J.: 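Once you've had a glance at the structure underneath, I'll fire off some questions.
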Amino acid sequence: MLEEKVQDLVDEIHRQTIVVEYFRLRNLIEQSPEIKALRKQLSDAQVALSLSFVDPKQHEAKKTFYETLLSEFNNHPLIANYESLKSELRDLLKNIAELL
């Protein structure tokens, strides 16, 4: 009986528009060549930034480049929408947990 009720709750959560959209965006992000390329560039830039620590001029240039890439990544419409939905979904799940 309890397991049925829990499964009903899980099913209802999965039918919520916010949850459906969250998973849709997550899949789009995972399959996006543009996002994959940005992630690779960010990773490479982060490594270059770490390796440039001994040269202050070079480090500053690498830091600026990394921050530019990070901003581009974070402001990409898919990422921005996903992060917003993730926050809303976290709040929804927190509210459900508090009710239980």
Side-chain angles (χ1 to χ4, degrees):
M1 177 94 165
L2 179 61
E3 289 175 2
E4 274 182 36
K5 296 292 183 188
V6 169
Q7 188 58 51
D8 289 345
L9 177 60
V10 169
D11 292 343
E12 182 60 31
I13 290 170
H14 279 111
R15 284 190 293 270
Q16 295 297 308
T17 304
I18 189 172
V19 175
V20 172
E21 182 65 7
Y22 169 84
F23 284 111
R24 185 185 77 79
L25 284 173
R26 189 178 78 173
N27 288 335
L28 286 173
I29 288 168
E30 289 172 355
Q31 296 172 10
S32 170
E34 184 180 1
I35 299 292
K36 287 179 185 177
L38 276 171
R39 282 188 169 143
K40 173 77 169 104
Q41 288 176 313
L42 268 171
S43 177
D44 292 348
Q46 191 172 30
V47 169
L49 177 62
S50 297
L51 295 174
S52 70
F53 198 77
V54 294
D55 181 348
K57 265 187 173 178
Q58 187 181 32
H59 184 72
E60 191 59 38
K62 300 285 184 185
K63 181 179 176 185
T64 301
F65 180 67
Y66 174 78
E67 289 172 346
T68 300
L69 282 174
L70 185 59
S71 177
E72 183 180 342
F73 179 82
N74 288 333
N75 290 313
H76 188 285
L78 286 175
I79 298 298
N81 288 336
Y82 174 77
E83 291 298 326
S84 176
L85 272 176
K86 187 166 69 170
S87 177
E88 289 179 41
L89 183 55
R90 188 177 301 118
D91 291 343
L92 172 68
L93 294 174
K94 181 180 175 187
N95 289 338
I96 291 170
E98 288 172 359
L99 290 173
L100 298 175

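What you see is a predicted model; the values in this text were computed from it and never measured.
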J.: Report, one line per pair, each donor and acceptor closer than 3.5 Å where one atom sits in a side chain of residues 92-100; sequence neighbours left out.
T.:
unit_1: Asn95; atom_1: ND2; unit_2: Asp91; atom_2: O; d: 3.4

J.: Hydrophobic clusters join Ile, Leu, Val, Met, Phe, Trp and Tyr when side-chain heavy atoms are under 4.5 Å apart, directly or via other members; which others share one with Met1?
T.: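 Cluster partners of Met1: none, it stands alone.
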J.: Output all residues satisfying side chain to side chain donor-acceptor pair (under 3.5 Å) with Thr17, sequence neighbours left out; order by chain, then residue number.
T.: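 For Thr17, no residue satisfies side chain to side chain donor-acceptor pair (under 3.5 Å) once neighbours in sequence are set aside.
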J.: Flag the pair Gln46 / Leu69 as yes when at least one side-chain heavy-atom distance between them is below 4.5 Å, and no otherwise.
T.: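 Contact flag for Gln46/Leu69 side chains = no.
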J.: Among residues at least two apart in sequence or on other chains, which ones pass side-chain contact (heavy atoms from CB on, under 4.5 Å) with Val19?
T.: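 Only Ile13, His14, Gln16, Phe23, Leu89 meet the side-chain contact (heavy atoms from CB on, under 4.5 Å) criterion with Val19.
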J.: Give me the ring orientation class for Phe53 and His59: parallel if the planes are under 30° apart, tilted from 30 to 60°, perpendicular past 60°.
T.: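 Perpendicular, since the angle between the ring planes exceeds 60°.
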J.: For Arg15, give me all partners under salt bridge (Lys or Arg N to Asp or Glu O under 4.0 Å), at least two apart in sequence or on another chain.
T.: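 Listed in chain order: Glu12.
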J.: More than 12 non-hydrogen atoms from neighbouring residues, nucleotides or ligands closer than 6.0 Å to CD on Gln7, yes or no?
T.: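 Correct, the count exceeds 12.
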J.: Who else is in Leu51's hydrophobic cluster (ILVMFWY, side-chain heavy atoms under 4.5 Å, direct or via others)?
T.: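 Members alongside Leu51: Val47.
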J.: Using 0.5 Å steps for rounding, measure from the OG atom of Ser84 to the CD1 atom of Ile18.
T.: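 Interatomic distance, Ser84 OG to Ile18 CD1, rounded to 0.5 Å: 8.0 Å.
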J.: Applying salt bridge (charged side-chain N to carboxylate O under 4.0 Å, His left out) as the test, list every pair that has at least one member in residues 41-58; sequence neighbours left out.
T.: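 Non-adjacent pairs meeting salt bridge (charged side-chain N to carboxylate O under 4.0 Å, His left out): Lys40-Asp44.
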J.: Restricting to pairs with a member in residues 20-33, which pass salt bridge (charged side-chain N to carboxylate O under 4.0 Å, His left out), not counting sequence neighbours?
T.: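 Counting only pairs at least two positions apart or across chains, the salt bridge (charged side-chain N to carboxylate O under 4.0 Å, His left out) contacts touching residues 20-33 are Glu21-Arg24, Arg26-Glu30.
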J.: With sequence neighbours excluded, what pairs up with His76 under the side-chain contact (heavy atoms from CB on, under 4.5 Å) test?
T.: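 Partners of His76 under the side-chain contact (heavy atoms from CB on, under 4.5 Å) test: Glu34, Ile35, Leu38, Leu78, Ile79.
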J.: For Thr68, enumerate each residue passing the side-chain contact (heavy atoms from CB on, under 4.5 Å) test, keeping only those at least two apart in sequence or located in another chain.
T.: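 Testing Thr68 for side-chain contact (heavy atoms from CB on, under 4.5 Å), a comparison that skips the adjacent residues, returns Thr64.
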J.: Check side-chain contact (heavy atoms from CB on, under 4.5 Å) between Glu67 and all other residues, then give those that pass, not counting sequence neighbours.
T.: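 If we apply the side-chain contact (heavy atoms from CB on, under 4.5 Å) test to Glu67, skipping adjacent residues, the hits are Lys63.
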J.: Can you name the salt bridge (Lys or Arg N to Asp or Glu O under 4.0 Å) partners of Lys36, sequence neighbours left out?
T.: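 Here no residue qualifies.
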J.: Nearest 0.5 Å please: distance from the CG atom of Leu70 over to the CZ atom of Phe65.
T.: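 That separation rounds to 12.0 Å.
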